[in-house]
Each structure stands twice: as structure tokens, then as C-alpha cells.
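I have placed the structure first, in the form of C-alpha cells, so that the comments after it can refer back to it.
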2 protein chains.
Amino acid sequence: MDRRPVSIKDVADRAGVAIGTVSNVLNHPARVSAATRERVQGAIDELNFVRNDAARQLRAGQSRTIGLIVLDVGNPFFSSLARAAEDCASENGSTVVLGDSGQDVVREARYIDVFEQQRVQGMLISPVGDVGPRVEALRKRGMPVVLVDRVDPQRRCSSVSVDDIAGGYMAVRHLLEAGRRRIVFVGTKADYRQVADRLTGARQAVEEYDDAVLEVVEADAMTVLAGRDAGEEIARRRGSGLPDGIFCANDLLAIGVMQAVLLIRGLRIPEDLALIGYDDIDFSASTVVPLTTVRKPTELMGRTAVELLLEEIEAPASRRRQVIFDPELVERGSTTTSVRAGV
Amino acid sequence: MDRRPVSIKDVADRAGVAIGTVSNVLNHPARVSAATRERVQGAIDELNFVRNDAARQLRAGQSRTIGLIVLDVGNPFFSSLARAAEDCASENGSTVVLGDSGQDVVREARYIDVFEQQRVQGMLISPVGDVGPRVEALRKRGMPVVLVDRVDPQRRCSSVSVDDIAGGYMAVRHLLEAGRRRIVFVGTKADYRQVADRLTGARQAVEEYDDAVLEVVEADAMTVLAGRDAGEEIARRRGSGLPDGIFCANDLLAIGVMQAVLLIRGLRIPEDLALIGYDDIDFSASTVVPLTTVRKPTELMGRTAVELLLEEIEAPASRRRQVIFDPELVERGSTTTSVRAGV
DNA sequence: GCGTGTCTTTGAATCGTTTCAGTGACACGT
DNA sequence: ACGTGTCACTGAAACGATTCAAAGACACGC
């Protein structure tokens with residue numbers, strides 16, 4: 001019904017005080033006497049006053065908002081990272097607004113522009129492709145930026161990321177400790193750095209055991225279907241050609257491999273063949289044999305990203321930090337018969 | 001390096017014009033001569049001027065931003081709806097900012113407050129629990145609101161939603177047309193309206209066939225595990241107790257049923273047993289036998305929601321509209337041997 | 001009665017933009 | 001030469017909040 005929104009002046013008139021007093025009630029209640037405070041609060045309630053953030057921000061010169069740009073909100077990694085970031089920000093009196101670039105440089109650029117015009121306190125960006133020029137331009141204008149899931153090669157801004165070499169090492173080490181020696185790594189041609197890192201880690205683990213061998217089976221894509229193709233080929237093997245442990249570069253591949261191995265040849269998992277994936281997607285706990293996998297510490301990454309950003313906002317001259325987390329092993333039934341807890 | 005951000009005044013000084021002229025270059029380029037326009041543009045580029053959205057908004061009284069609050073960004077339904085909404089909004093010169101309530105009333109309230117303080121043009125809300133009071137308060141202050149995936153019982157605001165009764169009908173009708181007559185519906189006790197609606201639709205379809213029967217099997221939850229339990233019970237049946245078609249209230253249940261049916265008894269899908277789910281989650285195309293399912297027209301819903309909102313923004317007095325979409329059937333291998341296209 | 005200090009309240013300046021009435025400049029027709 | 005119109009540009013008001021110096025009220029001690 002109200003045609004134009006209620007301003008602080010309307011509240012002041014209603015309560016019979018100066019606008020400065022209303023502002024004090026909102027921002028420094030202690031400075032105002034109890035009687036006045038109540039009267040002003042009453043006027044605010046009666047009029048349904050909602051503070052105009054644009055005006056506040058204009059005057060204050062800074063907002064209480066953090067921009068977060070992710071590659072894909074549909075990806076559980078990013079959605080739970082976003083949630084953790086929101087929690088951490090709200091504990092610090094800020095709000096996170098989310099932009100989904102959908103791996104599209106144009107959309108990414110649009111969100112960066114919008115956030116900059118909105119004068120967000122800072123941005124958390126999981127960048128598409130080349131980070132360099134765009135982020136540098138932002139930094140030149142004094143906008144704090146923290147990279148997520150990617151490191152700035154030039155160390156110009158702080159970042160949080162995961163050590164995939166360590167992850168690959170953990171996965172294969174786990175297979176080896178379970179007594180497996182004929183290990184297969186299933187992954188795409190190492191076009192992604194992440195796949196390459198996981199393989200590197202796998203190699204390091206195998207080298208620690210004299211009697212262990214690692215074979216690489218190439219998949220066409222990082223999908224269930226590609227995993228099933230790879231799995232079928234492997235499942236058909238006889239004798240010593242058949243591995244006793246498989247490490248897949250992600251969970252989708254592992255699920256495909258599991259489907260093939262169980263159905264084509266009726267092998268038992270983990271007795272005949274131990275299987276481990278990577279990422280811990282939602283579905284991995286619900287496969288026929290629950291999938292052991294390696295998980296990024298998502299919540300921790302989200303919180304840390306916000307903390308690094310707030311640090312930089314408060315002390316713009318402080319040194320940039322590259323925080324690299326180790327992933328964690330999630331043991332389920334596909335590698336061990338006795339699992340601690342099935343989720 | 002720059003300590004305080006560049007303002008329109010700095011640009012004006014640099015270009016040797018009045019600030020009004022700079023504003024015209026930005027907002028009404030046609031009013032400015034080509035020579036001046038270039039000079040101003042040059043100054044903008046040299047100084048890296050970025051427009052202050054707070055000041056613009058304060059003066060203009062309205063932003064170019066739409067707030068979208070979803071129950072769970074991790075849910076593919078919402079993430080693709082969000083993407084469609086963003087696309088539609090950007091075609092109309094607006095930007096969508098996303099808030100994730102995580103099914104939490106407190107977080108939902110916080111986002112509503114933040115968005116209202118930011119004076120967004122309007123909000124799209126997929127509400128947690130009771131819509132009434134909160135939305136009514138918003139509307140009283142003149143804030144346009146469109147509900148997503150839920151109808152306002154009092155028809156106070158526009159909404160986009162899906163007809164789950166029609167969806168349930170389509171699913172079972174599809175089974176019946178494939179010659180199945182002993183149908184089982186797997187779902188939770190009808191606490192969710194959505195589950196109840198799907199069952200209602202299923203009943204309607206069965207009633208059209210004299211020789212068809214519908215049995216309801218209750219699951220403990222809408223999860224893969226609960227589906228597996230239900231599936232095991234069903235798979236152990238002999239003779240006429242064994243259905244030839246199963247409709248699950250969502251895809252997770254269907255996946256669990258599939259796991260049980262294939263492994264426990266080694267039944268063939270779809271020959272012995274046709275199976276259909278609901279939602280078309282990502283994984284449904286990658287199950288051992290690709291899952292036939294029912295999908296909400298997500299993109300259409302996102303675009304329509306934005307259109308309804310823009311309509312209301314432009315004509316606040318216009319009539320509210322409840323748009324209800326029919327879902328669509330996605331045929332895959334779990335119901336028919338010859339599938340058009342396997343995704 | 002007067003200076004001092006504390007507590008509350010006031011009112012004006014300010015942030016960076018948009019908008020709009022007004023000022024020149026210049027061309028054109030009469 | 002003069003009115004009329006068009007076009008490009010100017011300068012100040014306005015948006016709604018925060019902030020801060022200053023004023024007012026009051027009590028207290030001397």
C-alpha cells in the first residue's frame with residue numbers, strides 16, 4: 001500500500017526526535033536514553049521502517065557483503081563450500097552473495113563487474129581459465145580477492161586449495177596397506193592438472209613398495225559411462241592381468257567401474273578387488289558397495305577463504321597466503337570389509 | 001594502490017567537463033556529442049572508473065537486482081532453476097543474487113532482510129515452511145514476490161509450480177501403456193504433499209484400467225537406502241505377489257529399488273519389472289539400467305518466475321498469476337527396451 | 001552563584017550519483 | 001536584425017543514511 005518507502009526522517013518525525021538520534025538508536029544504542037530509544041523503536045515498528053542499505057553504504061564507503069563466484073552451484077563441492085563461507089561470514093557480520101559463472105568467462109566477468117559496482121568488501125573467486133589479467137585489474141583498484149580451489153602462480157593473492165598429490169598418495173597407500181599390489185589407476189589423459197596430480201601421488205605411493213606395480217588405464221571422460229567402459233575391459237582380464245586394487249581419478253569413474261566389475265564378471269568387492277574413488281560425491285555412500293573415496297575438506301576451505309579475505313580487508317598491506325589443505329580418506333565398504341561407520 | 005575509489009567527479013575533471021556530462025555519457029550517450037563522449041570515455045578508461053552502485057541506487061530509488069532464495073543450492077533442481085533465472089534476468093538488464101536458506105527459517109529470514117535493505121527489485125522465494133506472515137509483510141511494503149515451487153494458498157502473490165498429480169499420472173500411465181498391470185507405488189507415508197500428490201495421480205491412472213491394481217509400499221525415507229530395503233522386500237516375492245511395474249516417489253528410491261532387484265533376485269529390468277522414478281537427478285542417466293523418470297521443466301520455471309516478477313514490477317497493480325506446469329516424462333531403459341536416446 | 005563534567009540530543013555536512021531547469025552557441029527563416 | 005528552435009553542456013538539488021562538533025540540561029563541589 002505504502003507508495004514510497006519509509007525513511008529515517010519519517011521515523012524521526014513520528015518519534016519527535018532528530019534524525020541523528022534515530023541513527024544512533026540503530027547504530028549506537030548505548031548513546032541514547034532508554035526512554036527515547038523505546039519511543040524511536042516504537043516508531044520504527046509502527047512505520048515498518050527498513051534501513052536503506054544503499055544510503056548507508058554510500059556514506060560508510062563500504063558494504064558488509066562478500067561476493068562469491070563459483071564455477072557451478074550444482075556441484076556439491078561448491079554448494080557446501082558456499083554454505084560454510086556464508087556461516088563464517090555471518091559470524092563476522094557480513095553476508096555472502098553468490099554468483100554462478102557456470103564455467104563461462106562472460107558470466108564470470110559480469111559478476112565481477114556487478115560485485116565491484118556494489119563495492120563488496122571483497123571477492124572469493126573460483127576462476128574460469130586464466131586468472132591473471134582480470135584479478136590483477138581488481139587488485140589494482142584495491143579490491144581484496146581470494147582464489148578458491150586454485151593457486152595464483154604469481155602469488156599476488158591469497159588462495160585456498162587442496163593438495164591432490166597428497167590425495168592420490170593417500171588413496172593408493174590405503175590400497176597398499178590393505179595388501180593390494182597390482183594397482184590400476186583409471187583417469188583421463190592428464191589434461192587436467194588435478195588428474196595429473198592424483199596420478200603423481202599414486203606413483204609416489206607405489207614406489208614405496210618393492211613388489212607393487214601401477215598400471216594406468218585411460219578413460220575417455222570423467223563420467224560413469226567412461227568408467228563402465230574401462231571397468232569392462234579390466235573385468236574381462238584373466239590371471240595376473242587382473243588387478244587387486246583400482247584407484248579412479250574421481251567417484252563417477254569409480255561408480256562406472258563398480259557397475260562393470262559387479263555385473264560383467266561377478267567379482268566381489270572388496271574381496272577380489274578393492275576400489276577407491278575421489279571427491280566423495282553424495283552418491284558414493286549409496287552405491288551397492290559403499291565407495292571408499294578421498295574428500296576435500298570443503299567446510300574448512302570455505303571458512304578459511306572467508307578468514308583470509310577478512311584478514312586482507314582489515315590489513316590490506318598484509319602478506320598474501322597460499323593455504324593448501326590435505327584431503328581426507330573416507331573409508332567405506334569398497335576397500336575394507338570392516339568399516340567404522342557407514343554413512 | 002589507489003587509496004580512495006575514483007568518482008564521477010574525478011572523471012569530469014580529467015575530461016574537462018561537468019559531472020552531469022559524464023553521467024550522460026554513461027546513461028544517455030545519445031545526448032552527448034561524439035567528441036565529448038570519446039574524451040570522457042578516455043578519462044574513464046585511464047582512471048579505471050567503476051560506477052558506485054550504491055549512489056546510483058540511492059538516487060534512482062531502485063536497483064537492478066533480483067533476489068532469489070532457494071532451499072538448497074546443492075539440489076540440481078534449484079541450481080538449474082537459478083541458472084535459468086539468471087539468464088532471463090540478464091536479458092532484461094537485471095542481475096540475480098542467490099541466497100541459500102538451507103531449509104533454515106533463520107537463514108531465510110536473514111536473506112529476506114538483507115535483500116529488502118538492498119532494495120532489490122523483487123524476490124523469488126522457495127519458502128521454508130509457512131509462507132504467510134513473512135511474505136505478507138513484504139508485500140505490505142510494496143516488495144514484489146514470486147513463490148517458486150509452492151503456491152500461496154491465499155493467492156496473494158504469483159507463483160510457479162509443478163502439478164505433481166499430473167506427474168504421478170504420467171508415470172503410471174506410462175507403465176500401463178507398456179502393458180504392466182500389477183503396479184507398486186513406493187513412497188514415504190504421505191507427510192509431504194508432493195508424495196501424496198504423486199500417489200493421487202498414480203491412482204487416477206490405475207482407475208482407467210479395469211485389470212490394473214495398485215499397491216502402496218511404504219519407505220522409511222526418500223533415500224537410496226530406504227529404496228533398497230523396499231526393493232529387497234519386493235524382490236523376494238513369488239508368483240502374482242511380484243509386481244511387473246514399480247513407480248517410486250523419487251529417483252533415489254528408484255535407484256535403491258534397482259540395486260536390490262538386480263542383485264537380490266537377478267530380475268531383468270525392464271523385461272521382468274519396469275521401473276520409473278521421479279525428479280531426473282543427474283545420476284539417473286548413469287544407473288546400470290538408465291532410469292526412466294519424470295522431470296520438472298526447470299528452465300521454464302526459472303524463466304517464468306522472473307517474467308512474472310518483472311511483470312509485477314512494471315505493473316504493481318496487475319493481477320497475480322499462479323502458473324502450474326506439467327512435468328515431462330524422460331524415457332530411458334528401465335521401462336522400454338527401445339529408447340529414443342540415452343543421455 | 002559559578003565553573004566543571006557527564007549525558008543526551010541536535011543539525012548540518014557528507015558520500016557519489018541522477019536529474020532537470022537553465023545557459024550559451026549556433027543556424028535558420030522572415 | 002530578430003525571434004525561434006535545436007543541440008550540447010552546466011551546475012545545483014536531491015536521494016537517505018552516518019558522523020561529529022556543538023549545544024542544552026542537569027548535577028555536583030566549592
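Chain letters run A, B, ... following the sequence lines, proteins first and then strands; every chain starts at 1.
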**Message:** I'd like to know if A:Lys9 and A:Asp13 make a salt bridge, using a cut-off of under 4.0 Å between side-chain N and carboxylate O.
**Reply:** yes

**Message:** Assess whether a salt bridge exists between A:Glu311 and A:Arg321, defined as any Lys/Arg side-chain N lying under 4.0 Å from an Asp/Glu carboxylate O.
**Reply:** yes

**Prompt:** Do the side-chain N and O atoms of A:Thr65 and A:Gln118 include a donor-acceptor pair separated by under 3.5 angstrom?
**Reply:** no

**Request:** Start with the C-alpha gap between B:Ser79 and A:Val73, add the side-chain angles, then the distance that decides, and say whether side chain to side chain contact (heavy atoms under 4.5 Å, CB included) holds.
**Result:** CA-CA 6 Å; B:Ser79 57; A:Val73 277; 3.7 Å; yes

**Request:** Give me the first and last nucleotide of DNA chain C, going 5' to 3', that has any atom under 4.0 Å from a heavy atom of chain A.
**Result:** C:dT8 to C:dG16

**Bend angle of the helix from C:dG1-D:dC30 to C:dT30-D:dA1, from helix axes over five pairs at each end, nearest 10°** = 60°

**Message:** Please find the pair of heavy atoms, one from B:Ser94 and one from B:Gln121, that lie closest to each other, and give the distance.
**Reply:** OG-OE1, 2.7 Å

Could you give the side-chain donor-acceptor pairs of residues 50-61 of chain A under 3.5 Å, partners two or more places apart or in another chain?
from	atom 1	to	atom 2	distance (Å)
A:Arg51	NH2	A:Asn27	OD1	3.1
A:Asn52	OD1	A:Ala54	N	2.8
A:Asn52	OD1	A:Ala55	N	3.2

**Prompt:** Looking at B:Asp149, B:Asp163, B:Asp326, which hits salt bridge (charged side-chain N to carboxylate O under 4.0 Å, His left out) with B:Lys296?
**Reply:** B:Asp149

Let me have the donor-acceptor pairs involving side chains of residues 302-310 of chain A, under 3.5 Å, with sequence neighbours excluded, atom names and distances please.
from	atom 1	to	atom 2	distance (Å)
A:Arg303	NH2	A:Glu91	OE1	2.7
A:Arg303	NH2	A:Glu91	OE2	2.9
A:Thr304	OG1	A:Leu300	O	2.6

**Message:** Does the protein touch nucleotides 11-19 of chain D at the base, only the backbone, or not at all? Give it as B, S and - per nucleotide, heavy atoms under 4.0 Å.
**Reply:** B-BBBBBBB

**Message:** Please enumerate all residues that pass ring pair (Phe, Tyr, Trp, His ring centres under 6.0 Å) together with A:Tyr111, with sequence neighbours excluded.
**Reply:** A:Phe115

**Prompt:** Can any side-chain N or O of A:Glu108 pair as donor or acceptor with the backbone N or O of A:Val128 at less than 3.5 Å?
**Reply:** yes

